[in-house]
> 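Pasting in a structure now, in structure tokens, and then I'll have a few things to ask.
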Protein chains: 2
Amino acid sequence: MTRNRFLEEYSADCTFSPSLERLFDKWSPCVVSSLAERPHRFGELHRRVQGISQKMLTSSLHDLERDGFVLREVLPTGRVTVEYSLTSLGGQLATLIATLCAWTQEHADDVIAARERFDRRQEDEDGGMG
Amino acid sequence: MTRNRFLEEYSADCTFSPSLERLFDKWSPCVVSSLAERPHRFGELHRRVQGISQKMLTSSLHDLERDGFVLREVLPTGRVTVEYSLTSLGGQLATLIATLCAWTQEHADDVIAARERFDRRQEDEDGGMG
DNA sequence: CGGAATCCATAACGATACTG
DNA sequence: CAGTATCGTTATGGATTCCG
């Protein structure tokens, strides 16, 4: 719950509502963008979102459902079958996430280059001042 | 480093570059939006961003500088004086953050209402089935 | 003032085992 | 299949102390 300061109360001139913890946790963005493509069963998501544990998937889906981003439906098959899909609010969230993805990809090179410059400068300062 | 799965390698149809850890950590968005308004000294930021520890401010600024979002300048005053400002890339990040803030605020009520519905349903299911 | 270094609490997460 | 429960590890961040 202390994930991002915006999520709590206040920050300088910028107040995130307490509604967007989902954007900042580890797996929810992945889950949402999978569901943006089509509804998934639990097991499908588990295979689809590489590396997620069943515990984290359960927890992400639970939180996303509680916040109104995801709809959980028990299908009337013989065995236990559950389908997850996005609500319309969840669809908006997915769009937002996609926008973020796009921006980060556009500027990935800039950031990587900045890191390399920074790290080189650090080395120079540490070493070259005898 | 494991903050968000997007930041590592892969997620279903959505690949965050490794460049945006800053968007997902606890304080950087607050710091960036403060700097979006005007350059700040270290101490100013410390007072401005309510609740941040000196350690976290140092660490956020360091990471933001390394990624090319923030510029750090030692001013030629008598004593130690450092000013932080956004680079142009940092300005873009600030805009993105502002967009996120706006969206979360618009839909804060929706999310809160969804939570209440969900929690009420839970209670009903737990209690009312004797 | 602007930090760095250290210590410690806890929140987040992963692995595993079990259930209807 | 779709979870729940438990346990151990690691990541994160707060408090404190010290330094040029």
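Just so you know, these numbers use all the heavy atoms, side chains as well, and skip hydrogens, waters and symmetry mates. Note that this is a predicted model, so its numbers are computed, not measured.
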> In whole Å, what is the span from the NE2 atom of B:H46 to the P atom of D:dG13?
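Going from B:H46 (NE2) to D:dG13 (P), I get 15 Å.
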
> Can you list everything that forms a side chain to side chain contact (heavy atoms under 4.5 Å, CB included) with B:A94? Sequence neighbours excluded, please.
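B:A94 satisfies side chain to side chain contact (heavy atoms under 4.5 Å, CB included) with B:V32, B:A36, B:L86 once adjacent residues are dropped.
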
> I'd like to know if A:E37 pairs up with A:R48 as an ion pair, taking the criterion as any Lys NZ or Arg NE/NH1/NH2 lying under 4.0 Å from an Asp or Glu carboxylate oxygen.
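Counted as a salt bridge, because a side-chain N and a carboxylate O are separated by less than 4.0 Å.
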
> Name each donor-acceptor pair under 3.5 Å that joins a side chain in residues 68-76 of chain B to protein atoms two or more places apart or in another chain, with its distance.
| residue | atom | partner | partner atom | Å |
| --- | --- | --- | --- | --- |
| B:R72 | NE | B:Y84 | OH | 3.3 |

> Which residues pass the side chain to side chain donor-acceptor pair (under 3.5 Å) test with A:S59, sequence neighbours left out?
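Result, side chain to side chain donor-acceptor pair (under 3.5 Å) vs A:S59: none returned.
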
> My understanding is that only residues two or more places apart in sequence, or in another chain, count here; which of them pass side chain to side chain contact (heavy atoms under 4.5 Å, CB included) with B:S60?
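Result, side chain to side chain contact (heavy atoms under 4.5 Å, CB included) vs B:S60: B:W27, B:S28, B:V31.
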
> Between the protein and nucleotides 1-8 of chain D, which nitrogen or oxygen pairs are less than 3.5 angstrom apart?
| residue | atom | partner | partner atom | Å |
| --- | --- | --- | --- | --- |
| D:dC1 | O3' | A:R41 | NH2 | 3.1 |
| D:dA2 | OP1 | A:R41 | NE | 2.6 |
| D:dA2 | OP1 | A:R41 | NH2 | 3.4 |
| D:dA2 | OP1 | A:V82 | N | 3.2 |
| D:dA2 | OP1 | A:V82 | O | 3.4 |
| D:dA2 | OP2 | A:G43 | N | 2.8 |
| D:dG3 | OP1 | A:R72 | NE | 3.4 |
| D:dG3 | OP1 | A:R72 | NH2 | 2.7 |
| D:dG3 | OP2 | A:Y84 | OH | 2.4 |
| D:dT4 | O4 | A:Q54 | NE2 | 2.4 |

> By the ring-ring contact (aromatic ring centres under 6.0 Å, His included) test, which pairs, at least two apart or in different chains, include something from residues 36-62 of chain B?
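Sorted pair list: A:F118-B:H62.
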
> Could you tell me which residues satisfy side chain to side chain donor-acceptor pair (under 3.5 Å) with B:T81, sequence neighbours excluded, listed by chain and number?
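Scan of B:T81 (side chain to side chain donor-acceptor pair (under 3.5 Å), adjacent residues dropped) gives B:T77.
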
> In whole angstroms, how far is the P atom of C:dA4 from the CG atom of B:L57?
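B:L57 atom CG is separated from C:dA4 atom P by 11 Å.
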
> Using five base pairs at each end, measure the axis-to-axis angle across the helix from C:dC1-D:dG20 to C:dG20-D:dC1 and round it to 10 degrees.
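Comparing the first five pairs with the last five, the axes sit 40° apart.
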
> I need the NE2-P distance between B:H62 and C:dA4, as an integer number of Å.
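Taking atom P of C:dA4 as the reference, NE2 of B:H62 is at 8 Å.
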
> Expressed as a whole number of angstroms, how long is the span from B:L45:CG to C:dC1:P?
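In whole Å, C:dC1 P and B:L45 CG are 13 Å from each other.
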
> Rounded to the Å, how far apart are B:D63 CG and D:dT12 C1'?
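Atom-to-atom, B:D63 to D:dT12, this comes out as 13 Å.
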
> Kindly write out the residues that satisfy side chain to side chain donor-acceptor pair (under 3.5 Å) with B:Q54, not counting sequence neighbours, or none if the list is empty.
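Once residues adjacent in sequence are excluded, the partners of B:Q54 under the side chain to side chain donor-acceptor pair (under 3.5 Å) criterion are B:T58.
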
